[in-house]
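Here's the structure, in structure tokens; my notes come after.
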Amino acid sequence: MISSSRVSFKEMTRQKIQIKKIDNNTARQVTFSKRRRGLFKKAYELSTLCDVEIALMVFSATGKLFEYASSSMNQVIERRNLHPKNVGKLDQTSLELQLKNGNIAALSKEIEERIRQLRQMRGEELHGLNIEELQQLENLLERSLKRVSETKGEILANEINALKSEGAQLKEENERLKKQMMKERGGTMHLFEAGGQSSDSMITNTSSSVDPAQDFEDSYTLLRLGLPFSD
């Protein structure tokens with residue numbers, strides 16, 4: 001009697017549940033929670049044991065989302081859409097839009113990370129950093145300050161050299177103008193002395209160029225005009 005009852009009890013426990021909607025709301029919710037956890041557990045075991053990518057999405061009767069992904073849900077979905085079997089089924093515009101949205105999301109994430117790093121370099125948002133991260137930030141700031149100082153020194157040295165070169169050019173131009181002025185002054189004095197000698201020569205030449213015969217004729221005419229003839 002006992003053995004037969006045990007067999008019948010086992011047979012009863014091994015009966016398959018008819019697959020249909022559970023009418024009782026409470027029983028349906030309990031079954032959903034148990035089966036969902038079991039499904040996610042099996043997915044985790046499969047991804048770990050077989051090194052595969054798995055993504056699961058489940059919406060409850062109330063519209064609540066439950067999901068599991070072995071790596072990243074978006075990454076698995078994009079990989080699925082870009083698979084050769086599915087690329088031909090997707091509209092080209094939709095595919096380009098998905099790729100564009102993926103790039104925008106990646107760029108937005110990178111921008112947020114850069115902004116966070118800049119704020120930390122200004123001494124902001126440091127409360128979540130540990131000692132090692134703070135030490136790395138301090139070393140980064142020291143290296144950045146060193147590069148800034150070196151660049152500043154190079155710029156100042158270049159400006160000083162440019163000023164020295166400009167000063168040397170101005171000095172050279174000043175010497176050239178000074179020599180030119182002295183040369184022009186010397187030429188003017190030489191012309192002045194030469195001009196004085198020419199005037200004396202001209203006076204001498206003018207005095208010596210008078211004709212003696214013409215002088216005698218003029219005197220004779222004056223005498224004749226001054227003395228009347230007698231009858």
Query raised in the report: How many angstroms lie between atom CD1 of I77 and atom CE of M73, to the nearest 0.5 angstrom?
Result: 6.0 Å
Query raised in the report: Looking at CG of L140 and CG of L145, how far apart are the two atoms once the value is rounded to the nearest 0.5 Å?
Result: 11.0 Å
Report summary line: Residue set satisfying side chain to side chain donor-acceptor pair (under 3.5 Å) with R35, at least two apart, ordered chain then number -> none
Query raised in the report: What residues form a side chain to side chain donor-acceptor pair (under 3.5 Å) with N161, not counting sequence neighbours?
Result: none
Requested in this report: Please answer whether the main-chain N or O of T26 pairs with a side-chain N or O of Q29 as donor and acceptor at a distance below 3.5 Å.
Outcome: no
**Report entry** Ion pair E150/R147, N-O distance below 4.0 Å
**Finding:** no
Report summary line: R119 meets the side chain to side chain donor-acceptor pair (under 3.5 Å) criterion, sequence neighbours left out, with E125
Query raised in the report: More than 12 non-hydrogen atoms from neighbouring residues, nucleotides or ligands closer than 6.0 Å to CD1 on I131, yes or no?
Result: no
**Report entry** Euclidean distance, K152 NZ relative to L156 CG, rounded to 0.5 Å
**Finding:** 6.5 Å
Query raised in the report: Can I54 be reached from V58 by stepping across I, L, V, M, F, W or Y side chains whose heavy atoms are under 4.5 Å apart?
Result: yes
Requested in this report: Can you measure from CG (D23) to CZ (R28) and round to the nearest 0.5 angstrom?
Outcome: 7.5 Å
Query raised in the report: Passes side-chain hydrogen bond (donor to acceptor under 3.5 Å, both in side chains), N74 versus E78? Steps please.
Result: CA-CA 6 Å; N74 293 332; E78 289 180 4; over 6 Å; no
**Report entry** Derivation and outcome, salt bridge (charged side-chain N to carboxylate O under 4.0 Å, His left out), residues R176 and E173
**Finding:** CA-CA 5 Å; R176 186 185 66 81; E173 182 67 16; 2.4 Å; yes
**Report entry** Results of side chain to side chain donor-acceptor pair (under 3.5 Å) for N24 - residues two or more places apart only
**Finding:** none
**Report entry** Member of K146, R122, M121 meeting the side chain to side chain contact (heavy atoms under 4.5 Å, CB included) criterion with L141
**Finding:** M121
**Report entry** Single hit among Q117, Q120, E142, E132 for side chain to side chain contact (heavy atoms under 4.5 Å, CB included) with L137
**Finding:** Q120
Query raised in the report: With a 4.5 Å limit on heavy-atom distance, are the side chains of I160 and K164 in contact?
Result: yes
Requested in this report: Would you name the heavy atoms of A43 and L56 that are closest together and state the gap between them?
Outcome: CB-CD1, 3.5 Å
**Report entry** Whether N174 side chain and L170 backbone form a donor-acceptor pair below 3.5 Å
**Finding:** no
**Report entry** Euclidean distance, I22 CD1 relative to T31 OG1, rounded to 0.5 Å
**Finding:** 3.5 Å
Requested in this report: Evaluate the side-chain proximity of R79 to V76: yes if any heavy-atom separation is below 4.5 Å, no if none is.
Outcome: no
Requested in this report: Supply the atom-to-atom distance L46 CG to K41 NZ, rounded to the nearest 0.5 angstrom.
Outcome: 14.0 Å
Query raised in the report: If you draw a 6.0 Å radius around CD in E175, do more than 12 non-hydrogen atoms from other residues or ligands fall strictly inside?
Result: yes
Report summary line: Here the ring pair (Phe, Tyr, Trp, His ring centres under 6.0 Å) pairs for residues 23-63, sequence neighbours left out, are F32-F66
Query - Charged N-O contact under 4.0 Å between K109 and E112 - result: no
**Report entry** Pairs where residues 55-64 contributes a residue and the test side chain to side chain donor-acceptor pair (under 3.5 Å) is met, not counting sequence neighbours
**Finding:** S60-T62
